[in-house]
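Since this is a predicted model, take the numbers as computed values, not measurements. Note: hydrogens, waters and symmetry copies are ignored here, and every other heavy atom, side chains too, is used.
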Amino acid sequence: MVRLDDVIEGLLEHHPSADTDLVRRAYVFSAQAHRGQIRRNGEPYLVHPLEVAHIVSSLRLDTASVVAALLHDTVEDTVATVAEVEAQFGKDIAFLVSGLTKLEKINFHSAEEAQAENFRKMLIAMSRDLRVILVKLADRLHNMRTLGHLREDKRRRIAQETIDIYAPLANRLGINWIKTELEDLCFKDLYPEEYRALAERISKTRKEREAYIQRVISALGSELAAHEIPAEVTGRPKHLWSIRQKMKTSGRDLDNLFDILAFRISVDRVAECYEALGLVHSLWKPVPGRFKDYIALPKDNSYQSLHTAVLGPEAERIEIQIRTHEMHRTAELGVAAHWTYKEGQYGLTTRGADHRFAWLRQLLEWQRDLKDPQDFMETVKVDLFANEVYAFTPGGDVRPFPRGATPVDFAYAVHTDLGHECTGAKVNGTQVSLRYPLQNGDVVEILRTKGSKPNPDWAKFVKTGRAATKIRAFLRQEENARSFQIGQELLEKELKRYGVGLNKLRRTGKIEAALANLKFNSESALLVALGYGKAQVQQVLPLLLPGDRLQSGPKEAPVEEPESAFRRLMKKVLPKSKVGIRVDGLDGVALHFPQCCAPVNGDEIVGFVTSGRGVTIHRRDCPRVLDYDPSRRVDVHWDTSSRQLRPVEIRVYSADTPGLLASMSQSFHNAGVNITAVNCKTTPDRRAVNNFTVLVHDIEQLNKVMRMIERIEGVSSVERIAS
């Protein structure tokens, strides 16, 4: 168990002049605030802030960070307030503690909304002071180490959030040891059986593996010494999560998996890195296509190293990383290795905030632009998980992208207008599809046409959060403009029947009064809501017209029947259907399901009245929703009591191995899911793409069977697709 003296000793090791009295005062404050509180594992609660402070000190952070770690739960879990923390420890520490405190006193509509809003709060705080996220990572790491005493569902929820958000954040900040430990801890709670089986198999070969590692270290050490290159050589197996991911993506079993052993050569100077690389390649044959130079082209998080894979002793494939001692320190501690915590020198607005934090500025932009919690968190997850490739502009500027990124992503990375007006692309001088996946070293030239607009289909294949956000924002703006125009026409038409003009109502202040009553921020927002069908003209008229004018009736005959008559007509004319959906409060309305998005019970859906087909149902995120007239939109909801089966397509990427298709079929059977069609194709590299059309009751059953298939050995990924 960590003691306060251990924390102080770790702090003084890197900050000899640290204010240890302040640390002791913080310890006493925390002990008093948490008095009587016990953690789920039976330990006094004070153990947790002590452990977090010890992790923070091992990151070489300053006194304020260690104090904030000791106090980080006092405001959230005790009667202590931010004002009390500020009075005793100053504004700097109070800000850190406040940035680490969740928004517990707000009633959120869902767990997703709470997660998103708490992450937004932390994001804003860390933009001003990066120590917020560093302390938060230490807090999350200790919580993950002690997760075993929580209920299984809570363990899985916390582990999923950690693998989605906090491990990628640690990676982005360059703190490799925290990233790898978080990933393995999440693996243990998310896939416990898979974790145990892999750990046992790795353990059985430990002695042979350790002997092999020593042989490689000895050979490398001798070769480097013979050429008078002072170096430190270490070796280890890759961590379990990394091995698991390699097995998934390659479709290979552990026994057939290559390069799960990683070796590191640390030298004094950059020139010696390249000398050592030459010696390694002269000692063992390099594996073609596996060399990466992150010294000449550092990663976004400042990581630098040479990576190569070779056929080592006994023709076993091994990975070797070569870097300087300084590069290794940066690889392990990331931003904490170089950040200087002086007054005003730890936020993004200072000169110290260089290109390494461009991704954080992007996250800040998204938290301002994306109001929908699900959109925000999905965009964050996509960008944080970036497995980078490097592409060049025609002028030679290098830009990093997540693997699978396209020329459209490239265009939006250069400039938003270039993205909007992108009509084609040339890669290395040859015209390519806009879906072309960028490769390392590609030179990309974007072709543009003035006045062009983004294609809604782009949102399906772009890989960067920036591109997806900009495309959705443009399409939403276009939709709002169309809805504004329709809403204005609807309102003006109805007012005209009563002999009143919209401009006159503006001058008399009636519009402003109606906005306050209807809780709209602006006239524009009201008209958009009318055009989109979220508000009805009949709701607005009583607030705009004098009572006697409204009671005397319109001067002109109505052009269209009132809404209630429209509903009656739908009941009488439209044929009946039993598909488990209620339309605008009506039962049995005929429904049409187009093949573009295949909604199932549990998906968010929207309906549009269409000629001859009744109401057409789409998933809310279907790009074709934008093609409909908003005035024809009706509210639709799933009937939760219905057990109606709906067809949906699933695509499974896997190895091409005997018996795998049978295992997938068995998983469908075990989940009670009927297969109506199968289409399987194989590729020259012994991979398989399997398309299944299946019938499911709801989204839960669909997600369950997809998870079951994903766990099958040899399956690399499972996705739901549109027809």
Side-chain angles (χ1 to χ4, degrees), residues 108-116 152-154 156-157 160-161 164 190 370 372-379 381-382 459-460 472 533-534 577-608 614-626 628 633-652 664 667-677 691-711 717-723:
F108 295 107
H109 295 100
S110 65
E112 291 78 12
E113 185 181 351
Q115 182 194 41
E152 182 183 355
D153 61 324
K154 194 167 184 180
R156 290 182 61 84
R157 179 179 60 77
Q160 191 65 57
E161 182 185 53
D164 285 346
L190 289 172
L370 295 174
D372 181 85
Q374 189 172 357
D375 273 359
F376 173 58
M377 293 310 291
E378 285 305 313
T379 302
K381 291 171 189 176
V382 166
K460 295 178 181 178
R472 281 198 296 262
K534 293 181 178 178
S577 176
K578 297 179 180 179
V579 292
I581 288 180
R582 296 176 62 85
V583 179
D584 204 18
L586 304 173
D587 294 321
V589 175
L591 303 175
H592 170 63
F593 290 86
Q595 293 186 332
C596 52
C597 56
V600 298
N601 196 335
D603 284 325
E604 289 191 32
I605 52 174
V606 62
F608 292 90
V615 176
T616 298
I617 306 297
H618 290 271
R619 277 166 42 194
R620 189 179 293 274
D621 58 357
C622 177
R624 296 199 181 176
V625 165
L626 298 168
Y628 288 87
R633 174 173 170 163
V634 290
D635 289 334
V636 291
H637 308 281
W638 292 104
D639 181 354
T640 54
S641 64
S642 171
R643 297 292 289 168
Q644 181 75 25
L645 292 169
R646 293 289 310 149
V648 64
E649 285 195 57
I650 297 173
R651 178 169 293 156
V652 182
M664 295 180 205
S667 293
F668 283 117
H669 175 75
N670 292 343
V673 173
N674 186 39
I675 303 171
T676 60
N691 288 353
F692 297 91
T693 303
V694 297
L695 297 175
V696 296
H697 291 296
D698 52 35
I699 195 71
E700 287 186 13
Q701 188 181 29
L702 174 62
N703 290 338
K704 177 184 176 183
V705 74
M706 287 175 69
R707 286 195 300 269
M708 289 171 67
I709 293 171
E710 195 173 33
R711 294 191 191 107
S717 68
V718 184
E719 63 184 24
R720 178 182 178 182
I721 59 173
S723 299

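Separation of atoms CD1 (I709) and CD1 (I650) is listed at 5.5 Å; rounding is to 0.5 Å. Note that NZ of K460 is 11.0 Å distant from CD1 of I721, once rounded to the nearest 0.5 Å.
With sequence neighbours excluded, the residues forming a side chain to side chain contact (heavy atoms under 4.5 Å, CB included) with E700 are D698, listed by chain and number. For R156, the salt bridge (Lys or Arg N to Asp or Glu O under 4.0 Å) test picks out no residue, with sequence neighbours left out. By the side chain to side chain donor-acceptor pair (under 3.5 Å) test, R707 is found to be paired with no residue, residues two or more places apart in sequence or in another chain being considered. Residues passing the side chain to side chain donor-acceptor pair (under 3.5 Å) test with R720 are D603, sequence neighbours excluded. With sequence neighbours excluded, no residue forms a side chain to side chain donor-acceptor pair (under 3.5 Å) with E710. Annotation: side chain to side chain contact (heavy atoms under 4.5 Å, CB included) contacts of A459 (sequence neighbours excluded): I471. For N670, the side chain to side chain donor-acceptor pair (under 3.5 Å) partners two or more places apart in sequence, or in a different chain, are Q666. Scored by the salt bridge (Lys or Arg N to Asp or Glu O under 4.0 Å) test, K154 finds no partners at all (sequence neighbours excluded).
Ring planes of F608 and H618: perpendicular class, angle over 60° (limits at 30 and 60°).
Using a 4.5 Å heavy-atom cutoff, the side chains of Q644 and N601 are not in contact. Taking 4.5 Å as the limit, some side-chain heavy atom of H697 sits within range of a side-chain heavy atom of L645. Residues P599 and W638 have side chains in contact (heavy-atom distance under 4.5 Å, counting atoms from C-beta outward).
No donor-acceptor distance shorter than 3.5 angstrom exists from the side chain of Q160 to the backbone of L190, with no hydrogens or angles considered. Under the 3.5 Å distance criterion, the side-chain polar atoms of T693 are left unmatched by any main-chain donor or acceptor of T676.
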